[in-house]
Protein chains: 2
Amino acid sequence: MPTPEPADERAWLAAYDPRAFPPIAVTADVVALTLRAGALHVLLVERGAPPYRGRLALPGGFLRAGQEDPAAAAARELAEETGLAELPRVHLQQLGSYGAPDRDPRMHVLSVAHLAFAPDLPDPQAGTDAAAAAWHPVDTLDPGTLAFDHARILADALDRARAELENTPLATAFLPADFTVPELRAVYEAVWGEPLHPGNFHRKVLSVPGFLEPTGATTERGGTRGGPRARRYRPGPATRLHPPLLRPAPGPARTTPPTAPTGLPSTP
Amino acid sequence: MPTPEPADERAWLAAYDPRAFPPIAVTADVVALTLRAGALHVLLVERGAPPYRGRLALPGGFLRAGQEDPAAAAARELAEETGLAELPRVHLQQLGSYGAPDRDPRMHVLSVAHLAFAPDLPDPQAGTDAAAAAWHPVDTLDPGTLAFDHARILADALDRARAELENTPLATAFLPADFTVPELRAVYEAVWGEPLHPGNFHRKVLSVPGFLEPTGATTERGGTRGGPRARRYRPGPATRLHPPLLRPAPGPARTTPPTAPTGLPSTP
DNA sequence: TAAATAGTGTCTATAAGACATTATCCA
DNA sequence: TGGATAATGTCTTATAGACACTATTTA
């Protein structure tokens, strides 16, 4: 710790007693993504109090100091907003923290943003705390309507999700405990926003060791418009995909992605 | 940003009055990595006050509430600890936040960890605030000696750095403004901890569009043990490497990496 | 029966890795 | 002159993607 200068007395004191510092509030926010009818949806709440009253925002709330870490707070907030007492098969991971001093007009608030992926979740229950929450399709959503810097957080979350689909078995988090290869392909197509070659995708996902394990069962019926029954699989033990499932090249030479390279805020 | 409604100020102020909640302190910590004599080093400080007095820790400090975001605080702390008034060519990015309630015995402290990469930096100046700071080789460092949960943060940082080398031009952040391909290879070998094939590496990095740009110049002298002069390059405009520079396969089928897939803490 | 789809086969261009070769420079 | 090294070339194997094809099921 730096030696104090006279002008820095308060900082010096705080180095030994953090309680002497002016407070910063800490929240846990959640970008909850799910697939509904083949389209990617995000859970948003309508704010009932200022600031940004009436605007859409990511679900979230303040950490219970001394009681929970950010991940636990995010899980709690998600359960409250969806009205689900228990969160089945929800994959939760940290996205990053957003702490610009003026991002909340009330005071300095640092938000630890999380990503949550889940299979098709029901609509939030009416008549509960979650009454103001609803699933919104991400591709028809106007980012300008979001409160605070939540448009930026959502954009980073989508970037992160798209990137993780390449290197981790994350896509299985959008599906029930067992699923078919075409269903898995639908996840990739919905998140990446582009069609994939059915045949090549099929061969490729099955060639990644530890990604999928056959259950031995097949679907009860064929596709709604015909076709044979598909084999069912469950997620394998792999936590990284080797080799990765790379996205189709977005162009001859893409050199400038829309946001930060890692999906996290960075400074030069 | 729309302005908040000047509604019932006391109502929401009371709801969010920091004194109504047990406070959470926010720090910005930095995992600063540099290459010295071909080996990866991390900047650590010896703590001069409890808790963990005398133990090694990552440099960091409390955020100035209402004045700076985590990235700015991290840059400030790094400058203070290295004794450098200015940080030349330092690449700073957020790693993730660590907020377990008991990670600091004094109170609930949330740490926003950052990664900093820089070319060979000088030793911290004696006689300054940075007197207690020093560079430590990461491969001979005993993680058990680190204070708080900094061993975990360091491990996550190294995982992140190793992964980013595959997909981003991050390696150039360890080198001066212009460099040679063998120097770049030395960065990859030091961070990944394994030798790379010189010929194949050379051809591969030059094949990635936007990664390297020739300056037209060469080194003044050949290698210390002979060999021709090497051509010099500067970083190109690419922010993502297409195709990525994948690490040599760590084994026939690695299914369980040491920590979280993304280098960020996650919960099931 | 017609259409759609699961799953497999085949071919080609490209890339990765092992290895060899040449040219250049230091001691 | 010998040894080390930058840079390039060659060869083999693996992979990605385009496309074709068969089998199965629904309407």
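By convention in this document, chain letters (A, B, ...) are assigned in the order of the sequence lines, proteins followed by strands, and residues within each chain are numbered from 1.
- Using a 4.0 Å cut-off between charged side-chain N and carboxylate O, B/Arg160 and B/Asp156 make no salt bridge.
- Aromatic pair B/Tyr233/B/Phe179: ring centres not closer than 6.0 Å.
- Here the side chain of A/Pro243 is nearest to one of C/dG7, D/dA16, D/dT10, namely D/dA16.
- Residue-level contact check: B/Arg229 touches the backbone only, with heavy atoms under 4.0 Å from sugar-phosphate atoms and none from bases.
- Regarding A/Glu166, its CD atom lies at a distance of 12 Å from the P atom of D/dA16, rounded to whole Å.
- At whole-Å resolution of the value, NE2 in A/His242 and C1' in D/dT15 are 16 Å apart.
- Side-chain proximity of A/Lys204 to D/dA7, D/dT5, D/dA16: nearest is D/dA16.
- Rounded to an integer number of Å, the gap from B/Phe179 CZ to D/dA6 P is 15 Å.
- Protein atom CG of A/Leu246 is 17 Å distant from nucleotide atom P of C/dT14, rounded to whole Å.
- Of the candidates D/dA7, D/dC19, D/dG9, D/dG9 carries the atom nearest the B/Asn200 side chain, counting heavy atoms from C-beta on.
- Nearest nucleotide to the A/His202 side chain, out of C/dT8, C/dA27, D/dA18: C/dT8.
- Considering only side-chain atoms of B/His197, the nucleotide from C/dG7, D/dA7, C/dC19 that sits closest is C/dC19.
- One finds the CG atom of B/Leu241 at 10.0 Å from the NZ atom of B/Lys204 (value rounded to the nearest 0.5 Å).
- Here the P atom of nucleotide C/dG17 and the CZ atom of B/Arg185 are 15 Å apart, to the nearest Å.
- When the P atom of C/dT5 is taken as reference, atom CZ of A/Phe201 falls 16 Å away, rounded to whole Å.
- Ring geometry for B/His91 versus B/Phe117: interplanar angle of 30 to 60°, hence tilted.
- Comparing A/Arg225 and B/Arg225, the nucleotide of DNA chain C nearest to each residue sits closer to the 5' end for A/Arg225.
- Put simply, the side chain of A/Thr215 gets close to the backbone of A/Arg232: a donor and an acceptor are under 3.5 Å apart.
- Sequence order on DNA chain D of the closest nucleotides to A/Arg203 and A/Glu220 puts A/Arg203 first from the 5' end.
- Using a 4.0 Å heavy-atom distance criterion, B/Ser207 is classed as making no nucleic acid contact.
- Mapped onto DNA chain C by nearest heavy atom, B/Pro244 and B/Arg221 fall at different nucleotides, with B/Pro244 at the one closer to the 5' end.
- Among the atoms of the strands shown, only primed sugar atoms or phosphate atoms (P, OP1, OP2) are found under 4.0 Å from some heavy atom of B/Arg231.
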